[in-house]
2 protein chains.
Amino acid sequence: MTRIQKVAELAGVSTATVSRALAGKPSVSPATRERVERAARDLGYVVSATASSLASGRNRNVGIVMPFLNRWFFTTAMAGAHRVLTDAGYDVTLYHCEPNRLDDPDGADNPRRSRLFADSLLRKRTDGLIMVTLSLTAAERTSLHGIGKPVIALDRPQEGITALAVDNLAIAHTAMSHLLELGHTRIGFVGGIVPYDLDFHVPLLRRQGYEASLVDAGLEIDPLLMCDAEFTVDGGYDAASQILGAGEPPTALFAASDELAIGAHAAIRDRGLRIPEDVSLIGIDGNPLAEVFGITTIDQHPDAQGAAAARELLKELEPTSPHAAAAVRLPFELVERRSTARARD
Amino acid sequence: MTRIQKVAELAGVSTATVSRALAGKPSVSPATRERVERAARDLGYVVSATASSLASGRNRNVGIVMPFLNRWFFTTAMAGAHRVLTDAGYDVTLYHCEPNRLDDPDGADNPRRSRLFADSLLRKRTDGLIMVTLSLTAAERTSLHGIGKPVIALDRPQEGITALAVDNLAIAHTAMSHLLELGHTRIGFVGGIVPYDLDFHVPLLRRQGYEASLVDAGLEIDPLLMCDAEFTVDGGYDAASQILGAGEPPTALFAASDELAIGAHAAIRDRGLRIPEDVSLIGIDGNPLAEVFGITTIDQHPDAQGAAAARELLKELEPTSPHAAAAVRLPFELVERRSTARARD
DNA sequence: CTGAAAGCGCTAACAC
DNA sequence: GTGTTAGCGCTTTCAG
């Protein structure tokens with residue numbers, strides 16, 4: 001492969017000047033820059049990332065760490081971050097952090113995860129890290145701090161780490177307001193639980209939002225109208241079935257995610273009920289699949305969340321460039337579709 | 001950060017020996033190795049990936065290039081490859097290769113993609129590449145060859161690149177055989193098209209398999225029973241609706257993917273038809289979502305496909321380790337669920 | 001089996 | 001604005 005020396009020779013300058021010109025440093029005369037760029041192009045020269053990293057201490061590479069590599073929310077957030085980072089000239093190295101099982105909260109028996117924090121993440125390959133919806137143990141946090149590189153956590157506030165998180169209470173409130181404004185008073189809650197990493201953060205906030213909205217509206221909290229499940233379509237089916245079969249049925253269902261809502265959708269129809277005539281249904285996320293079923297949702301723009309996390313990280317990596325100092329807001333919004341309608345009198 | 005020198009001092013050996021010991025080279029006495037490992041552990045030393053790369057020429061890093069970063073099939077294949085690679089001690093950097101639009105087949109107006117092939121991929125950051133379901137232009141192939149690193153293509157045979165691909169003809173044949181054995185004679189085809197990169201490879205093979213099966217069974221090919229759509233749920237809905245509304249309706253539908261099948265499922269039910277009593281339905285892929293709807297499918301194990309591609313690449317990266325020389329088979333299989341049943345007489 | 005020494009390809013002071 | 005000169009932190013001949 002062509003090295004910098006060749007380019008220097010062809011352009012008739014020193015390697016230092018080639019380096020400066022190609023890095024876009026200001027201290028290069030236009031004429032020289034032009035000659036260097038031509039020489040580089042003619043030779044098909046591209047700098048060696050490793051050599052550049054070693055010499056400069058900057059990798060132009062950031063790591064994204066995710067608990068799941070093929071679930072919609074995670075990969076969509078990742079894609080958002082990826083685009084911002086590559087547009088800024090960074091490469092992205094993807095790390096998989098296996099969730100700890102509930103019966104092994106410290107990951108004593110999670111070798112892949114141990115290796116990640118003991119080795120992979122410490123190899124100095126990245127300039128910074130984005131951790132998507134991941135809960136770390138104290139030891140892991142210590143390990144991360146040891147590398148002395150910026151870390152941004154997305155959707156999981158944790159001690160000592162800059163975090164971006166959507167306002168889950170407000171999201172739940174928005175969903176409930178929509179239902180309440182349509183005149184519903186018996187509203188069921190298909191809640192989600194996260195069966196790993198002992199993390200009840202998001203599910204808890206959404207449930208709290210549900211209950212608070214009910215109380216604010218002067219309505220009672222009926223335990224028979226609430227049921228939890230994993231954040232999966234199957235879970236939503238079962239939880240909704242249970243709610244619909246117990247006591248006086250609700251006229252509306254609020255599901256803590258779109259996947260749960262899709263499951264609830266099937267459960268409602270399987271009981272011979274119509275949507276929205278008999279039961280209104282709303283979810284959370286913005287999963288395109290919900291659109292196919294006409295399910296009203298609160299879109300939380302996971303791609304934008306990933307992009308925001310990436311921008312936040314870039315801000316720390318390149319303090320020189322001017323960035324808005326304002327706190328990051330992760331927006332969300334109601335998307336009305338045909339699964340919600342006025343309650344019948 | 002601790003450097004190799006510190007470890008050498010603590011262990012009372014030279015840096016060369018530390019390097020050898022930690023790399024697992026055989027030419028180190030057990031006693032020395034032991035001392036070095038202890039010293040490294042005590043100091044929390046982890047080698048710098050960049051320094052090691054520069055000195056050795058090996059990155060222990062492979063690139064995965066994908067046209068979509070958040071679609072189930074792609075991310076599932078990626079996850080399969082990721083696991084094999086990280087288990088082998090490699091990091092994975094993820095590249096996004098934007099598909100070329102049909103009105104710009106050479107990507108003249110696709111700056112992100114141009115940059116990928118002109119820069120990112122040439123920075124010598126990786127030891128090899130896995131390209132998932134991606135069609136390259138001649139120029140891109142040339143560019144790739146220039147870097148002189150092994151490349152494995154998954155599910156897209158192309159000139160000059162080692163490729164792994166599932167037998168799409170056989171898959172279609174298996175699906176059709178299932179339907180035919182159930183006594184169906186009017187079978188519709190919800191076909192997929194790929195509206196980018198001018199690539200009609202997979203859709204074409206699946207359609208050919210459909211037609212060939214019909215011919216083999218002595219049945220006629222009825223154009224009214226075939227309709228193409230994008231590989232999306234929406235597309236499946238529309239295509240199925242059209243088939244069900246034209247001429248004498250089929251008693252079974254074969255969809256070229258599970259997403260198409262899910263759309264078809266909704267279309268069938270929306271016309272007041274029952275599954276499988278009125279219409280049988282089969283898809284392709286193994287998408288877990290199809291399971292929720294009870295849709296029979298041909299599972300093609302995308303995770304295993306990704307893993308196979310990764311193993312194939314490792315074989316080229318580490319010719320020393322013993323590997324089976326046998327050609328790679330990508331298996332698939334019929335998964336019967338409740339969407340298919342005997343045709344009524 | 002181990003050490004000394006020469007780079008890997010580039011960048012960053014420091015001169016001029 | 002540009003060249004010279006040290007390294008960045010590690011691996012790898014080459015000796016012994």
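Just so we're on the same page: letters track the sequence lines, and every chain starts at 1. As a basis for the values below, the full set of heavy atoms in this structure was taken, side chains included, without hydrogen atoms, waters or symmetry mates.
- Contact annotation for Lys25(A): backbone-only contact, meaning every heavy-atom pair under 4.0 Å involves sugar-phosphate atoms and none involves a base.
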Discussion item. Could you walk me through whether Met78(B) and Asn70(A) satisfy the side-chain contact (heavy atoms from CB on, under 4.5 Å) test, starting with their C-alpha distance in whole Å, then the side-chain angles of each, then the deciding distance to 0.1 Å, before giving a yes or no?
Written reply: CA-CA 8 Å; Met78(B) 173 187 82; Asn70(A) 70 343; over 6 Å; no

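- Nucleic acid contact for Ser29(A): sugar-phosphate only, since backbone atoms but no base atoms lie under 4.0 Å from a heavy atom of the residue.
- Straight-line distance from the CG atom of Asn59(A) to the C1' atom of dG9(D): 13 Å, rounded to whole Å.
- Among the atoms of the strands shown, none is found under 4.0 Å from any heavy atom of Val18(A).
- Set against dG9(D), dG3(D), dG3(C), the side chain of Thr17(B) has dG3(C) as its closest nucleotide.
- Rounded to an integer number of Å, the gap from Leu122(B) CG to dG9(C) C1' is 16 Å.
- Both Ser52(B) and Thr32(A) lie close to DNA chain D; mapped to their nearest nucleotides by heavy-atom distance, the more 5′-ward contact belongs to Thr32(A).
- Taking the side chain of Ser56(B) as heavy atoms from C-beta on, and the options dT11(D), dG9(C), dC10(C), the nearest nucleotide is dT11(D).
- Taking atom CD of residue Gln5(B) and atom P of nucleotide dC10(D), one finds them 10 Å apart after rounding to whole Å.
- Place Val13(B) and Ala55(B) on DNA chain C by their nearest nucleotides, and Val13(B) ends up nearer the 5' end.
- The CG atom of Leu22(B) sits 14 Å away from the P atom of dT2(C) (whole-angstrom rounding).
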Worksheet entry | Worked check of side chain to side chain donor-acceptor pair (under 3.5 Å) between Ser53(B) and Thr50(B) | CA-CA 5 Å; Ser53(B) 290; Thr50(B) 40; over 6 Å; no

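- One donor-acceptor pair, N or O on each side, does fall under 3.5 Å between the base of dG3(C) and the side chain of Arg20(B).
- Side-chain nitrogen and oxygen atoms of Ser14(A) include at least one within less than 4.0 Å of the OP1 or OP2 phosphate oxygen of dG3(D).
- Salt-bridge formation is detected for the pair Asp91(A)/Arg125(B): a Lys NZ or Arg NE/NH1/NH2 atom is positioned less than 4.0 Å from an Asp or Glu carboxylate oxygen.
- Residue Ser19(A) places none of its side-chain N or O atoms closer than 4.0 Å to OP1 or OP2 of dC10(C).
- Under 4.0 Å is where a charged nitrogen must lie from a carboxylate oxygen, and between Arg112(B) and Asp87(A) at least one such pair does.
- Within the 4.5 Å cutoff, side-chain heavy atoms of Phe68(A) are placed close to those of Pro99(A).
- Both Thr15(A) and Lys124(A) lie near DNA chain D, and the one whose nearest nucleotide falls closer to the 5' end is Thr15(A).
- Rounded to an integer number of Å, the gap from Arg60(B) CZ to dG9(D) P is 22 Å.
- At the heavy-atom level, Ser27(A) lies under 4.0 Å from base atoms of the strands shown.
- One can place CG of Leu54(A) at 9 Å from C1' of dG9(C), the figure rounded to the nearest angstrom.
- Residue Lys6(B) contributes atom NZ, which lies 16 Å from atom C1' of dC8(D) at whole-angstrom precision.
- The residues Arg60(B) and Glu318(B) are annotated as salt-bridged, a charged nitrogen and a carboxylate oxygen being separated by less than 4.0 angstrom.
- Closest-nucleotide positions on DNA chain C for Pro30(B) and Thr2(A) were compared, and the one nearer the 5' end corresponds to Pro30(B).
- Counting to the nearest Å, the P atom of dC10(D) and the CZ atom of Arg125(A) are 14 Å from each other.
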